[in-house]
Amino acid sequence: MTAPTSIAPWTRADGRATGRIADAVLIGFHRGALADDVVLEARRFGAPTPAALTVLELQAITDRGWLDGWRRGAVRALAEDELGGALADLDAADGCHLVRARVADPADHVHLQAAWAAARWLVARGTCAVLDASALRWHPAAAVRAWPADASFELAREVTVVAESARAPGLRERVVHTRGLGKVARPDVVTLVAEAEVELAVAAVRQVAARLADGWMPSADDARVELAAHAWSAVDLTDGGAPALASALSLGNDCVLLAR
């Protein structure tokens, strides 16, 4: 991997202070020991400065029960869809390294760049697959290796938009929501829609997610947001069902409801 001459930091338009915590967790799975002769160099692996890497927490884990917890159930189904030929390598993995970037009130996304730089570094050392535990998305090592070190921020990679296949328990509506906005210190977005409105809801949720990732934060006095998909026009911060939905969906984050 040739190091670029410089790495531009991932900025966002709105750097307001909110008191929120950004928490990004990436997990690299491997079989056997990783190579120990690869240095975590900021520019080579995608961090704008060496200082950016100082926010990272790195932990090696070999507990089989902990590893297997990521290889069963719904997370396993995602791995089957997203890993392709790397699935067998995931099954054979006997260790992993957890990368965590937890930063109070970041004004940009440099902490997230640092986390992915560490993930590229782990791949260079022999990791077979990386789980973005915040967005619940698997990335085979080949895909992570192929991303340029100087790649720009991409919402579609960092935040998953999910249209749940089943209706919410006790509700007539389908649930459309994000996963991953906690990585940038913002709430995830949830909306409940009729079957015929799912496609429009996905577009609306993605629009709101983009604004949140760029730094916007709805408040009780400023919750309305104009959308191209005009059926959804406000973010409701007061609905008592939001915490229950966040828990039921296992978001690992709070959420706002995108309402009519």
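FYI, side chains are in, hydrogens and waters are out, and symmetry mates aren't considered; it's all heavy atoms of this structure.
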For salt bridge (Lys or Arg N to Asp or Glu O under 4.0 Å), just list the numbers for D89 and R31, CA-CA rounded to whole Å, side-chain angles, deciding distance to a tenth of an Å, and then say yes or no. CA-CA 8 Å; D89 294 327; R31 183 178 183 180; over 6 Å; no

Step by step, work out the side chain to side chain contact (heavy atoms under 4.5 Å, CB included) result for L257 and T191. CA-CA 6 Å; L257 296 180; T191 193; over 6 Å; no

Given side chain to side chain contact (heavy atoms under 4.5 Å, CB included), test L112 with E158 step by step and report yes or no. CA-CA 9 Å; L112 193 52; E158 303 298 341; 3.5 Å; yes

May I have the step-by-step check of side chain to side chain contact (heavy atoms under 4.5 Å, CB included) for E164 and L249, ending in yes or no? CA-CA 10 Å; E164 296 288 347; L249 294 167; 3.8 Å; yes

In sequence, state the C-alpha distance, the side-chain angles, and the governing distance for R20 and D254, and then conclude on side chain to side chain contact (heavy atoms under 4.5 Å, CB included). CA-CA 11 Å; R20 297 180 64 87; D254 61 342; 2.7 Å; yes

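Of the inter-residue distances, the one linking R206 atom CZ with T178 atom OG1 reads 11.0 Å to the nearest 0.5 angstrom. Taken from CG in D23 to NE2 in H111, the straight-line distance is 8.5 Å, to the nearest 0.5 Å. Atom CG of D105 is separated from atom CD1 of I21 by 7.5 Å, given to the nearest 0.5 angstrom. Going from atom CG of L212 over to atom CG of L181 covers 6.0 Å, rounded to the nearest 0.5 Å. Taking CZ of F29 as the reference point, atom SG of C96 lies at 5.0 Å (rounded to 0.5 Å).
Two residues are said to be in side-chain contact when any heavy atoms from C-beta on lie closer than 4.5 Å; V176 and V198 meet this criterion. Put simply, the side chain of V256 does not reach to within 4.5 Å of the side chain of V190, judged on heavy atoms. Proximity of S134 to K183: side-chain heavy atoms (C-beta onward) are separated by under 4.5 Å at one or more points. Annotation: side chain of T160 is not in contact with side chain of L136 (no heavy-atom distance under 4.5 Å). Inter-residue side-chain proximity for E173 and V193 is flagged as unmet; no heavy-atom pair is nearer than 4.5 Å. Contact annotation: the side chain of L90 approaches that of L83 to within less than 4.5 Å [non-hydrogen atoms, C-beta and beyond]. Side-chain contact between W66 and L98 is present, with at least one heavy-atom pair separated by less than 4.5 Å. R179 has its side chain within reach of L251: a pair of non-hydrogen atoms, C-beta onward, lies under 4.5 Å apart.
Annotation: E80, atom CD; neighbour count of heavy atoms from other residues, nucleotides and ligands within 6.0 Å is above 12. Other residues, nucleotides and ligands place more than 12 heavy atoms under 6.0 Å from the CZ atom of R125.
With W10 contributing its side chain and A151 its backbone, the two residues share a donor-acceptor pair below 3.5 Å. Judged purely by atom type and a 3.5 angstrom limit, W121 uses its side chain to pair as donor or acceptor with the backbone of V38. Panel note: side chain T54, backbone A51; a donor-acceptor pair is recorded below 3.5 Å. A distance-only check finds a donor-acceptor pair linking the side chain of R120 to the backbone of F45 [under 3.5 Å]. Here the side chain of R16 pairs a donor or acceptor atom with the backbone of M217 at under 3.5 angstrom. Between the side chain of D94 and the backbone N or O of G32, at least one donor-acceptor pair lies under 3.5 Å. Side-chain atoms of T127 come within 3.5 Å of backbone N or O of L122 as a donor-acceptor pair.
Following chains of ILVMFWY side-chain contacts shorter than 4.5 Å, one can reach L34 starting from V123, so the two form part of one hydrophobic cluster. L26 and L56 end up in the same hydrophobic cluster when Ile, Leu, Val, Met, Phe, Trp and Tyr side chains are linked at under 4.5 Å. Hydrophobic cluster membership is shared by V144 and V99, with clusters built from Ile, Leu, Val, Met, Phe, Trp and Tyr side chains linked at under 4.5 angstrom. W138 and W147 sit in two unconnected hydrophobic clusters of ILVMFWY residues. Membership requires side-chain heavy atoms under 4.5 Å apart, directly or through other members. Hydrophobic clustering (ILVMFWY, side-chain heavy atoms < 4.5 Å, transitive): L200 and V161 are in one cluster.
For the residue pair V110 and P9, the shortest heavy atom distance occurs at CG2-CB, 3.7 Å. Closest non-hydrogen pair, P106 versus A185, comes out as CD-CB, 4.0 Å. Shown here for A117 and L53, the closest heavy-atom pair between the two residues is CB-CD2, 4.3 Å. Residues R102 and E57 approach most closely at CB-OE2, 4.3 Å, considering heavy atoms. Nearest heavy atoms, I61 versus L67: O-CD1, 3.9 Å. What you find for A213 and L155 is that their closest heavy atoms are CB-CD1, 3.8 Å.
Remark: R174 engages E195 in a salt bridge, criterion side-chain N to carboxylate O under 4.0 Å. Under the 4.0 Å criterion applied to side-chain N and carboxylate O atoms, D91 and R71 are not assigned as salt-bridge partners.
No side-chain N or O of D108 forms a donor-acceptor pair with one of T11 less than 3.5 Å apart.
Between H139 and W116, the ring centre distance stays below 6.0 Å.
Taking the ring axis of W216 as reference, the NZ or CZ atom of R186 does not stay both within 45° of it and closer than 6.0 Å to the ring centre.
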